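Each chain gets a letter, A, B and so on, in the order its sequence line appears, and its residues count up from 1. Note that this is a predicted model, so its numbers are computed, not measured.
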Protein chains: 2
Amino acid sequence: MKISPQEISVRLENFRKTSRDKRLPLTPQKSAIFQAIATSCEHPGVTEIYKQLKSEFPSISLATVYKNLKKFENLGLLVEIPVPGKAPRYDAKLEIHSHAVDTASGCVYDVETPKNLSLPKEILGKKVKHANLIYYL
Amino acid sequence: MKISPQEISVRLENFRKTSRDKRLPLTPQKSAIFQAIATSCEHPGVTEIYKQLKSEFPSISLATVYKNLKKFENLGLLVEIPVPGKAPRYDAKLEIHSHAVDTASGCVYDVETPKNLSLPKEILGKKVKHANLIYYL
DNA sequence: CTCTATGCAAAATATTTGCAAGGGA
DNA sequence: TCCCTTGCAAATATTTTGCATAGAG
């Protein structure tokens, strides 16, 4: 599953626009962290992002990654994808996601969401922001 | 949403049967932990379970709760419901079903699974044992 | 009797916070 | 200049592990 260059552009542009609108400084670290998520189909977690950026920013700290992820979430730029028994992953794609968890090996796979699944827009009077369908194999 | 007495019986019986089949001792703590989940529609998390059992078993340790939850999961007796930014909750309902997570309050609700959702029976050559659809509000 | 479970304490992980210095707009 | 951000270190929080003992089957 690959992300198209167009889709990546949309995500990055959205990130820059939001930063501008909220008058938030756009630092190299921030951009790199968001980009790491927006350009990846691996749904990286905190540790993966930290390790990946370590080469580009040798002095980057884990706290910076945590702080930025939290900020991005609050800004609605990304979504935390919880995976049972695993560290949460992050994704800049806001539509529904599906995962298949191999309960024996612990591996997590991306799978296509059923075409016939139409999500309710609201539940209990609240807007559905995101949905996660998890299969256990 | 309340759980019917019949449903609770089924869950507890399943728990006892599995323990017998696997020749696992059935201790009071274990039973209490499973029961706390099986009889609750609140989907308690580790801390809630621990606090709840503290009165019945003043010397129970958090480690025991963790160990048993992990064991129950491996036995397929319950399912972890991940909640973004919050501690995971647990659920003893094993059919394919859906949850709605209020990301602001952390509340977890049972909701009806869309009728039009037809799940694949197999993914990547492995049988789908269970599936969980989680909405984030 | 055998094997798993329990509970304690310690260790390992994971996440958050405070604060001084640095750097975008 | 004005804030926000960074990175370090320390503080917390969370989860796991080792081990001696207790207890179920």
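- If you take OG1 on A/T47 and CD on A/Q52, they are separated by 12.5 Å, rounding to the nearest 0.5 Å.
- Between the CG atom of B/N68 and the C1' atom of D/dA24 there is a distance of 14 Å, rounded to whole Å.
- In this entry the distance linking NZ of A/K71 with P of D/dT6 reads 9 Å, nearest Å.
- Here the CG atom belonging to B/L77 is positioned 10.5 Å from the CD atom belonging to B/E73, to the nearest 0.5 angstrom.
- Note on the helix from C/dC1-D/dG25 to C/dA25-D/dT1: terminal axis deviation equals 50°, with five pairs used at each end and the result rounded to 10°.
- At a threshold of 4.0 Å, the pair A/K51-A/E48 does not count as salt-bridged, since none of the basic side-chain nitrogens sits closer than that to a carboxylate oxygen.
- Here the closest heavy-atom approach between residue B/R11 and residue B/I3 is recorded as NH1-CD1, 3.6 Å.
- Using a 4.0 Å cut-off between charged side-chain N and carboxylate O, B/R20 and B/E13 make a salt bridge.
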N/O to N/O distances under 3.5 Å, protein versus nucleotides 19-25 of chain C:
from: C/dA25; atom 1: OP1; to: A/L26; atom 2: N; distance (Å): 3.3

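- Listed pair A/S61 / D/dC8 fails the phosphate criterion, with no side-chain N or O lying under 4.0 Å from OP1 or OP2.
- The interatomic distance linking A/Y50 (OH) with D/dT6 (P) rounds to 14 Å, in whole Å.
- Rounded to a whole Å, the CG atom of A/L53 is 11 Å from the P atom of D/dT6.
- Of the candidate nucleotides C/dG7, C/dT15, D/dT6, C/dT15 has the atom nearest to the side chain of A/Y66.
- Following rounding to the nearest Å, B/K54 (NZ) and C/dT6 (C1') show an atom-to-atom distance of 12 Å.
- In this structure, CD in A/E7 is found 11.5 Å from OG1 in A/T39, a value given to the nearest 0.5 Å.
- Each of C/dT16, C/dG7, C/dT15 was ranked by its minimum atom distance to the side chain of A/L62; first place goes to C/dT15.
- Rounded to a whole Å, the CD atom of B/Q29 is 11 Å from the P atom of C/dC8.
- The side chain of B/T64 lies closest to C/dT6 when the candidates are C/dT6, D/dG7, D/dT16.
- One finds the CG atom of B/N68 at 8.0 Å from the CD atom of B/Q29 (value rounded to the nearest 0.5 Å).
- Across D/dT6, C/dT6, C/dA5, the shortest atom-to-atom separation from the side chain of A/K30 is found for D/dT6.
- One can place CZ of B/F34 at 18 Å from C1' of C/dA5, the figure rounded to the nearest angstrom.
- Counting only residues at least two apart or on different chains, no ring-ring contact (aromatic ring centres under 6.0 Å, His included) pair has a member in residues 44-67 of chain A.
- Two rings, from A/Y90 and A/F72, have their centers 6.0 Å or more apart.
- The side chain of A/K70 has C/dT16 as its nearest neighbour among C/dT16, D/dT16, C/dT6.
- In this structure, the OH atom of A/Y90 is 10 Å from the C1' atom of C/dT15, given to the nearest Å.
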